[in-house]
Amino acid sequence: MPEVFTSYNNIISPLGFTTKDNYSALLNNQSGIQNKSFGKLNDLFCLATIQEEKIKEYAVKAGIESGFTKLESLSILSIQDVLNQSGISLKEKNTLLIYSTTKGNVDLLEYNKPPVSKERAYLSKMTEAIGNYFGATNIPLVISNACISGLLAIIIAKRMIAEGLYENIIVCGGDLVTEFTVSGFKSFNALSTNLCKPFDARRDGINLGEAVSTILITKNKSLLSESSTHILNGASANDANHISGPSRNGDGLLQAIENTFSKHKHILPDTINAHGTATPYNDEMESIAFERAGLTRVPVNSLKGYYGHTLGAAGVLETVIALEAAHHNQLIKSAGFSEHGVSGKISVINEHKKTTINTVLKTASGFGGCNAAALFAKL
Amino acid sequence: MEIVISSYCRIKNNALIVNGKSIQLAKQDSAAFFLAETYKILGLNYPKFHKMDGLCKLGLLATEAALQNSGFLERHTLDKIGILMANKASSLETDRVHQQSISDKEKYLPSPSVFVYTLPNIVIGEIAIKHKITGENAFFVEPSFNTNLMLQQNNLMLKQSEVSAVISGWVDFDNGHMDALIYLTEIADDSIKKLNFKPLNEELLKQLYQ
Amino acid sequence: MDVLIEKLKVQIIEQLNLAEVKPEDINPDSPLFGDGLGLDSIDALELIVLLEKHYAIKIQNPADGKKIFESVRTMAEFIKSQGKS
């Protein structure tokens with residue numbers, strides 16, 4: 001099977017509109033999370049939202065006309081950046097767009113008179129609009145698999161290219177902070193009223209964030225970027241335990257990790273970018289799975305302290321940052337962490353540090369008991 | 001690699017068809033009534049079923065109907081079974097219920113047991129939990145039932161992951177309208193070849209979905 | 001008190017979709033969680049919604065739920081103590 005690589009990418013988040021801006025913001029210890037009120041109630045939430053004026057400014061600059069929702073505009077901007085960098089086009093028959101999201105244009109359900117047709121709350125209608133903007137030849141594929149959506153999209157893109165179905169796949173992940181998700185996670189008692197603290201003893205829940213991130217997956221060696229990596233393998237697995245609570249012993253995540261390493265048993269990754277949502281149960285579960293997988297000494301971080309939980313975008317965004325950091329041989333501090341607060345023995349990164357990185361493990365877990373893992377190696 | 005279909009269930013227009021045998025129910029029945037009746041017909045005793053939203057009930061029942069007497073779960077270890085599903089409406093049916101619960105400031109009462117079903121892949125989770133199936137997962141959202149994609153992803157999962165069998169299908173629930181086709185696919189190794197199942201191909205899939 | 005307990009049983013069955021459970025199956029003194037009714041973490045959160053919906057009681061700290069939701073009787077006693085029955 002041919003080798004498959006990650007390549008050019010983009011992140012649009014409260015921390016910037018390019019991967020470069022986002023990466024330098026993290027090194028400067030900036031977080032996109034702010035305390036604000038949201039929706040109909042007067043409660044204060046810790047959320048990472050993108051400034052509306054900024055979106056308008058960039059959309060106008062890029063010549064994106066009205067007639068697109070907020071998420072569609074952000075997605076178009078993000079995909080456009082990757083197309084510009086790589087010089088490829090979605091018009092080509094050998095190029096596919098895969099979109100990962102949990103809620104897409106769910107904000108359209110809120111409006112009596114929405115800015116575009118309510119039909120665009122259907123995910124395939126949304127991606128059709130995005131695809132049409134770029135004159136895409138192939139109908140975009142949508143993956144909606146809770147919080148592993150983004151990472152699963154990368155894994156499936158890799159498999160499709162390895163199989164020879166396409167040469168290039170643009171994977172774009174996006175989700176917004178909406179009253180829909182904020183009220184839902186609040187009813188779950190899952191929102192922290194402070195900055196989230198993944199793996200910390202005082203962690204008490206998630207912060208929601210919004211972002212769109214895009215990455216080119218390709219087998220074409222002429223399309224590699226300076227931070228390109230080889231996607232060695234990836235896998236998903238289910239806890240088969242509870243639809244909203246992770247397995248207590250980390251079985252599902254462990255299985256995803258073990259299957260990812262099934263043909264790479266000799267590799268001990270140099271760093272792990274974990275899911276690390278900062279809920280008591282999730283982080284505990286992850287730590288147990290990492291310890292059981294023999295990853296006790298591998299430096300691990302979560303990026304949720306910078307971006308909040310960006311749901312369907314998280315797997316793409318966090319992979320992009322993890323691979324950018326690997327390119328710079330940089331370990332990024334796990335924001336919000338000060339006192340070890342999980343029972344599994346893991347090595348949480350507590351300060352920015354230079355090191356040698358050749359391989360990166362990325363993991364994600366989500367509602368419905370799903371887990372995913374993928375292993376990347378620098379070229 | 002040869003892939004076969006060992007069993008299937010089709011639910012359409014409030015009719016339940018299992019491996020070609022149809023159990024027609026009155027057409028004017030509501031989806032809720034149809035699902036409750038089907039639960040009884042299949043002889044299930046699974047209290048969790050009643051807590052599920054329509055999409056999960058539909059997917060779980062279609063899967064149960066396909067699994068009954070199929071020998072599928074006995075032929076494969078549970079960590080080597082994947083679940084691959086797709087639909088058109090994602091979880092919109094339940095999304096609308098949640099949205100309604102937060103539309104009015106005075107009656108603002110979001111419910112966690114509704115919100116948890118506002119993700120389409122929860123149906124995969126429910127099936128996995130019922131049978132302790134822990135293999136690969138993937139949920140796709142498509143403009144309509146797409147045999148090409150279903151076959152392609154089924155093949156990829158069997159070829160490029162550790163699973164040897166996949167519970168695959170289309171599960172759509174939108175504005176009270178149900179549309180499901182669940183089918184069990186397996187890599188035809190020597191022992192399975194002896195069972196003379198039909199090979200999985202586009203024509204067969206189209207025929208089953210009709 | 002008994003009237004409130006009976007009313008609560010019906011409301012719990014409805015709110016938690018316990019379709020195969022009848023009010024007489026619920027012993028007011030048996031634990032709600034654990035083996036009894038097979039309730040889970042979502043049900044615990046849903047009971048908070050029930051109190052708000054039917055009794056206008058807001059539980060600010062969900063951790064308080066543990067004591068309140070020990071049994072149907074403890075729930076009833078809590079509602080009484082809030083002067084909301």
Side-chain angles (χ1 to χ4, degrees), chain A residues 1 39-41 101-104 106 109-110 121-125 127-128 139 141-146 148-149 152 155-156 158-160 162-163 165 179-181 183-189 234-244 251-252 255-256 259 262 366-372, chain B residues 52 56 78-79 82-83 88-92 95-96 98-105 108-144 146 149 152-153 155-157 159-162 174:
Chain A
M1 280 205 184
K40 292 182 194 69
L41 305 183
T101 185
T102 62
K103 298 313 315 159
V106 78
L109 298 182
E110 284 176 34
Y122 288 83
L123 297 179
S124 52
K125 291 281 178 201
T127 53
E128 187 189 327
I139 296 171
L141 199 57
V142 179
I143 293 179
S144 188
N145 214 102
I148 72 165
S149 299
L152 189 61
I155 294 167
I156 287 174
K158 186 250 180 197
R159 290 178 185 167
M160 291 174 79
E163 190 68 18
L165 298 170
E179 191 165 1
F180 188 104
T181 50
S183 64
F185 281 103
K186 186 173 184 341
S187 80
F188 250 97
N189 188 35
S236 63
N238 199 292
D239 292 331
N241 176 59
H242 191 272
I243 51 171
S244 66
D251 276 348
Q255 186 181 321
N259 285 346
S262 61
F367 274 8
C370 53
N371 302 273
Chain B
M52 298 176 193
C56 289
L78 296 171
D79 64 337
I83 306 179
K88 178 181 183 217
S90 181
S91 57
L92 270 175
D95 292 0
R96 295 178 189 116
H98 177 67
Q99 188 66 45
Q100 187 60 37
S101 74
I102 57 167
S103 60
D104 187 342
K105 193 178 170 178
Y108 202 91
L109 212 59
S111 157
S113 66
V114 171
F115 182 68
V116 73
Y117 289 104
T118 61
L119 293 164
N121 65 298
I122 301 297
V123 63
I124 292 177
E126 292 285 16
I127 295 163
I129 290 165
K130 174 127 195 327
H131 297 286
K132 298 280 159 220
I133 293 168
T134 65
E136 294 264 329
N137 287 181
F139 200 103
F140 294 89
V141 181
E142 286 281 296
S144 60
N146 177 346
L149 175 86
Q152 176 195 89
Q153 293 300 327
N155 284 341
L156 281 183
M157 205 180 256
K159 268 173 122 168
Q160 293 198 36
S161 84
E162 309 284 327
D174 195 13

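Chain letters run A, B, ... following the sequence lines, proteins first, then strands; residues in each count from 1.
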Notebook entry, point to check: Looking only at side chains, do Ser124(A) and Glu142(B) share a donor and an acceptor under 3.5 Å apart?
Noted result: no
Next item on the list: Verify the distance criterion only: is there a donor paired with an acceptor across the side chains of Gln160(B) and Glu163(A) at less than 3.5 Å?
Entry: yes
Next item on the list: Name the region of Asn155(B), side chain, backbone, both or neither, that has any atom closer than 4.5 Å to a heavy atom of chain A.
Entry: neither
Margin query: Below 4.5 Å, heavy-atom pairs only: which of Gly39(A), Ala121(A), Ser187(A), Ala235(A) has the largest tally toward chain B?
Written below: Ser187(A)
Item checked: Closest non-hydrogen atom pair, Leu156(B) against Arg159(A) -> CD2-O, 3.6 Å
Check: Looking at CG of Asn145(A) and CG of Leu119(B), how far apart are the two atoms once the value is rounded to the nearest 0.5 Å?
Finding: 9.0 Å
Margin query: Nearest 0.5 angstrom please: Leu78(B) CG to Asn238(A) CG, how far?
Written below: 11.5 Å
Note to self: I'd like to check Phe367(A) versus Asn121(B) (side-chain heavy atoms, cut-off strictly below 4.5 Å). Are they in contact?
What the structure shows: no
Item checked: For chain A, the option from Ile83(B), Val114(B), Thr118(B), Ile133(B) that forms the most heavy-atom pairs under 4.5 Å -> Thr118(B)
Next item on the list: Could you tell me whether a side-chain N or O of Lys105(B) sits under 3.5 Å from a main-chain N or O of Leu41(A), the two making a donor and an acceptor?
Entry: no
Check: Are the side chain of Asn137(B) and the backbone N or O of Cys370(A) linked by a donor-acceptor pair below 3.5 Å?
Finding: no
Notebook entry, point to check: Relative to chain A, which segment of Tyr108(B) carries a heavy atom at a distance below 4.5 Å: side chain, backbone, both, or neither?
Noted result: side chain
Check: If you look at every heavy atom in Leu152(A) and Ala138(B), which pair is closest and at what distance?
Finding: CD2-CA, 3.9 Å
Checklist line | Cation-aromatic face contact Lys88(B)/Tyr122(A), 6.0 Å, 45 degrees | finding: yes
Next item on the list: Of all the heavy-atom pairs spanning Ile156(A) and Phe140(B), show the shortest one and how long it is.
Entry: CD1-CZ, 3.7 Å
Next item on the list: Give the member of Ile122(B), Ile124(B), Asp95(B) that has the highest number of heavy-atom pairs under 4.5 Å with chain A.
Entry: Asp95(B)
Check: Does any heavy atom of chain B fall under 4.5 Å from the side chain of Met160(A), the backbone, both, or neither of them?
Finding: both
Check: Can you name the nearest heavy-atom pair linking Ile243(A) to Gly125(B), along with the distance?
Finding: CG2-C, 4.5 Å
Next item on the list: Report yes if some heavy atom in the side chain of Ser183(A) is under 4.5 Å from a heavy atom in the side chain of His98(B); otherwise report no.
Entry: yes
Check: Do you know which of Ala146(A), Ser149(A), Ala162(A) has the most heavy-atom pairs under 4.5 Å to chain B?
Finding: Ala146(A)
Next item on the list: Check each atom of Ser103(B) against the heavy atoms of chain A and say whether the ones under 4.5 Å are side chain, backbone, both or neither.
Entry: backbone
Item checked: Whether Glu136(B) side chain and Ser236(A) backbone form a donor-acceptor pair below 3.5 Å -> yes
Checklist line | Shortest non-hydrogen separation from Ile129(B) to Ala240(A) and the atoms involved | finding: CG1-C, 3.7 Å
Notebook entry, point to check: Between Val123(B), Asp174(B), Leu109(B), which has the largest tally of heavy atom pairs under 4.5 Å with chain A?
Noted result: Asp174(B)
Check: Are side-chain heavy atoms of Glu162(B) and Ser262(A) found at a separation under 4.5 Å?
Finding: yes
Note to self: Using 0.5 Å steps for rounding, measure from the CD atom of Glu179(A) to the CD1 atom of Ile102(B).
What the structure shows: 4.5 Å
Checklist line | Stepwise side chain to side chain contact (heavy atoms under 4.5 Å, CB included) check, Leu141(A) with Leu149(B) | finding: CA-CA 9 Å; Leu141(A) 199 57; Leu149(B) 175 86; 3.2 Å; yes
Next item on the list: Would you mind checking which part of Gln153(B) comes under 4.5 Å of any heavy atom in chain A, side chain (CB onward), backbone (N, CA, C, O), both or neither?
Entry: side chain
Next item on the list: Side chain from CB out, backbone as N, CA, C, O: work out which of these in Lys130(B) comes under 4.5 Å of a heavy atom of chain A, or both, or neither.
Entry: neither
Checklist line | Non-hydrogen atoms of Phe115(B) and Phe185(A) that approach each other most closely | finding: CE2-N, 3.6 Å
Check: Of all of Pro112(B), Ala128(B), Ser90(B), which one pairs up most often with chain A through heavy atoms under 4.5 Å apart?
Finding: Pro112(B)
Checklist line | Between Asp79(B), Val141(B), Ile127(B), Val116(B), the one whose heavy-atom pairs under 4.5 Å with chain A are most numerous | finding: Val141(B)
Margin query: How about CD on Glu110(A), more than 12 heavy atoms from neighbouring residues, nucleotides or ligands closer than 6.0 Å, or not?
Written below: yes
Notebook entry, point to check: Is a side-chain donor or acceptor of Gln255(A) paired with a backbone partner of Thr134(B) at a separation under 3.5 angstrom?
Noted result: yes
Note to self: Is a donor from one side chain sitting under 3.5 angstrom from an acceptor on the other, for Ser91(B) and Lys103(A)?
What the structure shows: yes
Check: Non-hydrogen atoms of chain B under 4.5 Å away: do they reach the side chain of Leu165(A), the backbone, both or neither?
Finding: side chain
Next item on the list: Measure the shortest side-chain to side-chain distance between Leu92(B) and Leu109(A) over non-hydrogen atoms and say whether it is less than 4.5 angstrom.
Entry: yes
